[in-house]
Amino acid sequence: MKEVRTRFAPSPTGFMHVGNLRTALYEYLIAKSQGGKFVLRIEDTDQERLVEGATDVIYRTLEEVGLTHDEGPDVGGPYGPYVQSARKDLYLPYAKQLIEEGKAYYCFCSKERLESLHDANGIGGYDRHCRDLPEEEVKRLLESGTPWVIRQKMPLEGSTTFTDAVFGEITIENCELEDQILIKSDGYPTYNFANVIDDHLMHITHVVRGCEYLTSTPKYNLLYEAFGWDVPTYVHLPLIMGRNEDGSVSKLSKRHGATGFADLVEAGYLPEAIVNYIALLGWAPKDSTQELFTLDELTKAFRIDGISKSPAVFDYEKLTWMNGEYLKKMPQDVYIRHAMPYFKEVFGEAEKDWTVLAEMLQPRVLKLPEIPGLLGFFKALPEYGSDLFVNKKSKATLENAPVMLKAAIEDLSQVEDWRVPVLHDNLLQLAQTLGVKNGTLLWPVRIAAAGQKVTPGGAMEILALLGKEESLRRLQLGLQKLETAAQ
RNA sequence: GGCCCGGUCGUCAAGCGGUUAAGACACCGCCCUUUCACGGCGGGUUCAUGGGUUCGAAUCCCAUCCGGGUCACCA
């Protein structure tokens with residue numbers, strides 16, 4: 001059996017859209033799940049849109065998510081070069097071959113003329129004005145230096161049918177097909193043309209791309225046919241959609257929020273979680289109950305027939321949940337390393353018991369950037385009202401809170417070894433001595449220590465992190481607040 | 001507008017002629033708990049509509065409706 005070869009062919013725009021990333025992922029998975037090769041090819045035929053450093057963004061992203069390519073501009077390979085601008089001279093001969101065979105022709109129409117062909121809505125294609133220019137006329141125009149492009153001659157009647165691995169058989173009337181440009185007036189090939197030539201030369205077996213290309217696929221096939229080449233297997237992917245403000249959906253774009261890989265990382269999503277999530281957008285495993293996958297597991301589970309046909313709405317909430325799952329699974333030391341920048345944001349260079357923090361935070365934080373907001377009260381005690389001391393479930397009231405706090409202060413002043421287990425034993429013992437339920441004692445302690453109702457940990461953890469001196473100071477403050485409120 | 005594709009809970013989805021129509025996120029209850037969470041348990045008239053075909057349809061066919069994509073010297 002022929003080796004499966006797929007290719008990721010991005011344009012260097014400096015931005016990696018999640019849709020593109022998902023295409024790369026599926027291309028990688030299709031190849032790797034069948035022991036094939038995954039190729040990276042840079043499509044920079046649009047000289048007007050070149051962006052400095054944009055190819056680095058592509059390398060970096062692929063590396064970060066672990067989609068290692070077997071061949072590409074940076075690693076080489078048997079079918080290079082892998083950058084289209086470096087292959088520029090290779091395309092024209094193929095186009096000329098088509099002209100000689102009567103399958104393509106020179107077109108001298110100006111851009112102005114072409115634009116005048118569009119209707120009010122910008123719709124309307126080329127009228128094949130130059131398709132049958134007499135040979136002498138072509139020669140004359142060529143010699144006079146008139147700018148030209150090369151167009152492919154589409155059949156005027158009949159229809160073209162092809163089979164897509166996910167959408168099945170699709171038929172398009174040939175009269176719907178425009179005489180597409182193969183070589184642009186700047187000498188560069190168009191995307192469509194370069195794609196076919198390169199995919200063939202690089203022995204690509206599966207062409208994987210978004211289904212916005214579905215209707216133009218016959219043009220590709222006609223090209224393969226014109227050259228007498230084997231047509232690759234087409235795998236068109238359902239689009240990723242975003243929800244608009246008015247409730248409708250459309251192709252995911254910047255107005256829907258973070259859509260670039262880098263933006264998502266910036267927003268606090270882990271690369272592994274992003275990959276895992278987008279793998280499930282438009283594909284489901286045979287065992288559809290598993291949702292958490294490493295790249296390796298995806299490679300083992302991936303099957304083309306699990307790709308769905310209908311577009312999928314990108315759900316940030318589910319991604320967030322999944323990100324939290326990855327955070328919870330992390331070994332504690334790894335977690336602390338990832339969270340450290342955020343810890344520093346709160347505590348500066350002060351040394352804290354990071355383990356206690358990790359224990360509090362790891363099971364509840366969904367995205368690391370939430371940390372500073374959760375921990376702000378450590379840095380400075382927030383302003384709060386004495387009403388926070390009231391909690392029905394804990395049986396905490398304005399009346400018993402001062403009693404509890406006073407007792408706690410007395411008791412805790414005696415503690416030398418200021419650590420969670422010691423504080424824990426002491427306080428629970430105290431509650432027993434006082435003859436109240438744990439909550440009744442711990443509620444006011446936690447409120448006084450944190451100054452806010454919701455905290456990322458319990459009273460003991462907060463006290464431990466605060467340190468003895470600051471803890472007692474805050475409890476004292478809480479007590480005063482209650483006493484003034486009582487008067 | 002022409003052409004192409006799609007339509008199972010709010011979202012991602014399984015399903016491939018016979019199922020009590022899985023699962024996950026979100027949501028709502030309850031339990032646990034020193035708070036919020038986490039965790040546990042439970043909840044929801046979801047097969048776009050109308051016609052066929054069939055003993056039997058979410059699954060096959062047709063129509064309608066809705067949604068999306070595409071009609072560039074962009075990829």
Side-chain angles (χ1 to χ4, degrees), chain A residues 9-11 13 20 43-46 48-49 107 109 111 114-115 118-119 121-126 147 149-151 164 167-168 170-173 175-178 180-186 188 190-192 194-195 209-217 236 238-239 241 243 247-251 277 280-292 306 308-322 324 328 362-366 374 388 391 393-394 396 424 427-428 431 437-447 450 452-461:
Chain A
S11 305
T13 60
N20 279 126
E43 308 230 338
D44 58 349
T45 55
D46 186 358
E48 285 172 26
R49 293 216 286 192
C107 168
C109 293
K111 289 188 186 178
L114 259 20
E115 259 164 52
H118 295 166
D119 67 12
N121 301 315
I123 292 171
Y126 181 55
V149 301
I150 295 178
R151 285 182 188 270
D164 180 83
F167 287 91
I170 290 172
T171 301
I172 309 256
E173 297 300 319
C175 59
E176 295 290 329
L177 273 21
E178 189 176 61
Q180 65 174 341
I181 292 178
L182 268 20
I183 301 289
K184 299 186 269 193
S185 57
D186 64 1
Y188 276 86
T190 54
Y191 166 83
N192 292 320
N195 232 263
R209 64 214 324 194
C211 76
E212 64 264 35
Y213 294 99
L214 211 47
T215 44
S216 60
T217 300
H236 284 95
L239 260 15
M241 316 297 281
R243 183 160 307 279
S248 63
V249 296
S250 52
K251 215 163 141 180
Y277 177 69
L280 264 22
L281 266 190
W283 171 82
K286 266 272 162 282
D287 161 28
S288 61
T289 53
Q290 184 183 351
E291 292 207 293
L292 265 16
S308 92
K309 291 192 186 65
S310 39
V313 176
F314 194 96
D315 183 358
Y316 290 92
E317 280 193 279
K318 183 146 188 183
L319 206 211
T320 303
W321 163 79
M322 196 171 272
K328 284 175 207 166
Q362 200 169 354
R364 76 180 64 225
V365 167
L366 265 18
L374 251 23
L388 286 193
N391 180 268
K393 219 160 120 191
S394 301
H424 180 266
L427 287 171
L428 291 197
K437 60 185 277 188
N438 296 340
T440 312
L441 170 66
L442 293 168
W443 180 275
V445 171
R446 191 178 60 87
I447 294 299
Q452 62 190 38
K453 195 169 170 185
V454 176
T455 57
M460 343 279 191
E461 288 82 10

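In the text below, chain A, chain B and the rest are named by the order of the sequence lines, each starting its count at 1.
- At the heavy-atom level, A:Ala459 lies under 4.0 Å from base atoms of the strands shown.
- Listed nucleotides: B:G68, B:G6, B:A37. Nearest to the side chain of A:Arg364: B:A37.
- For B:U35, the base has a donor-acceptor partner in the side chain of A:Arg446 [N/O atoms by modelled type, under 3.5 angstrom].
- Nearest-nucleotide mapping onto RNA chain B: of A:Leu280 and A:Leu442, the residue sitting toward the 5' end is A:Leu280.
- Environment of NZ in A:Lys453: sparse, with no more than 12 heavy atoms of neighbouring residues, nucleotides or ligands closer than 6.0 Å.
- Rounded to an integer number of Å, the gap from CG of A:Asp186 to P of B:A72 is 18 Å.
- Contact annotation for A:Cys175: no contact, since no heavy-atom pair falls under 4.0 Å across all strands.
- Across all strands shown, A:Lys111 has heavy atoms under 4.0 Å from base atoms, whether or not it also approaches the sugar-phosphate.
- Which of B:G23, B:U70, B:U35 sits closest to the side chain of A:Glu212 comes down to B:U70.
- Nearest to the side-chain atoms of A:Thr215 among the listed nucleotides B:U11, B:U34, B:U70 stands B:U70.
- Proximity note for A:Thr45 (side chain, C-beta onward) versus B:C4, B:A75, B:U11: the nearest is B:A75.
- Annotation: side chain of A:Thr217 is not in contact with side chain of A:Asp164 (no heavy-atom distance under 4.5 Å).
- Only the P atoms considered, B:G51 is 39 Å distant from B:C71, to the nearest whole Å.
- Nucleic acid contact for A:Lys437: none, since no nucleic acid atom lies under 4.0 Å from a heavy atom of the residue.
- Pairing of B:A26, defined by two Watson-Crick or G-U wobble distances under 3.5 Å, is not identified with any nucleotide.
- Taking for each of A:Asn195 and A:Val454 the nucleotide of RNA chain B with the nearest heavy atom, the 5'-most of the two is the partner of A:Val454.
- Here the nucleotide nearest the side chain of A:Glu317, chosen from B:C25, B:C5, B:G69, is B:C25.
- B:U45 and B:G56 have their P atoms separated by 28 Å, with the value rounded to a whole Å.
- Pair check for B:G44 finds none; no Watson-Crick or G-U wobble contact set falls under 3.5 Å.
- In this structure, A:Leu182 atom CG and B:A75 atom P are separated by 13 Å, rounded to whole Å.
- Residues meeting the side-chain hydrogen bond (donor to acceptor under 3.5 Å, both in side chains) test with A:Thr190, sequence neighbours left out: none.
- Of all nucleotides listed (B:C73, B:G69, B:G10), B:G10 comes nearest to the side chain of A:Asp315.
- Closest to the side chain of A:Ile170, out of B:C73, B:C4, B:A75, is B:C4.
- Figure legend. B:A21 is base-paired to no nucleotide; pairs are counted as Watson-Crick or G-U wobble with both atom distances under 3.5 Å.
- Side-chain atoms of A:Ala284 lie closest to B:A14 of the nucleotides B:A37, B:C4, B:A14.
- Among the protein residues, A:Tyr188 comes within range of no part of the nucleic acid, since none of its heavy atoms lies under 4.0 Å from any strand.
- Residue A:Leu214 has its side chain nearest to B:C4 when only B:C4, B:C25, B:A75 are considered.
- If you take CE of A:Met241 and C1' of B:U70, they are 13 Å apart, rounded to a whole angstrom.
- Pairing for B:A58 is absent, with no Watson-Crick or G-U wobble pair whose two atom distances lie under 3.5 Å.
- Taking only side-chain atoms of A:Asn438, from C-beta outward, the nucleotide of B:G68, B:U34, B:G6 with the closest atom is B:U34.
- For B:C16, there is no paired nucleotide, since no Watson-Crick or G-U wobble pair has both relevant distances below 3.5 Å.
- Pairing partner, B:A75: none, since no Watson-Crick or wobble contact has both distances short of 3.5 Å.
- Within the 4.0 angstrom heavy-atom criterion, base atoms lie near A:Gly458.
- As rounded to whole Å, 15 Å separates atom P of B:G1 from atom CD of A:Glu176.
- If you check every strand for non-hydrogen atoms under 4.0 Å, A:Val249 touches sugar and phosphate atoms only.
- To the nearest 0.5 Å, the span separating OG1 on A:Thr45 from NZ on A:Lys184 amounts to 4.5 Å.
- Base pairing annotation: B:G6 forms a Watson-Crick or G-U wobble pair with B:C66, both donor-acceptor distances under 3.5 Å.
- A:Lys184 has a side-chain polar atom (N or O) that falls below the 4.0 Å cut-off from OP1 or OP2 of B:A75.
- For A:Thr320, the side-chain hydrogen bond (donor to acceptor under 3.5 Å, both in side chains) partners at least two apart in sequence or on another chain are A:Tyr269.
- Base engagement by A:Ser185 is indicated by at least one non-hydrogen atom pair under 4.0 Å involving a base atom.
- No donor-acceptor contact under 3.5 Å links the side chain of A:Tyr126 to the base of B:A72.
- Annotation: side chain of A:His236 is in contact with side chain of A:Arg209 (closest heavy-atom distance under 4.5 Å).
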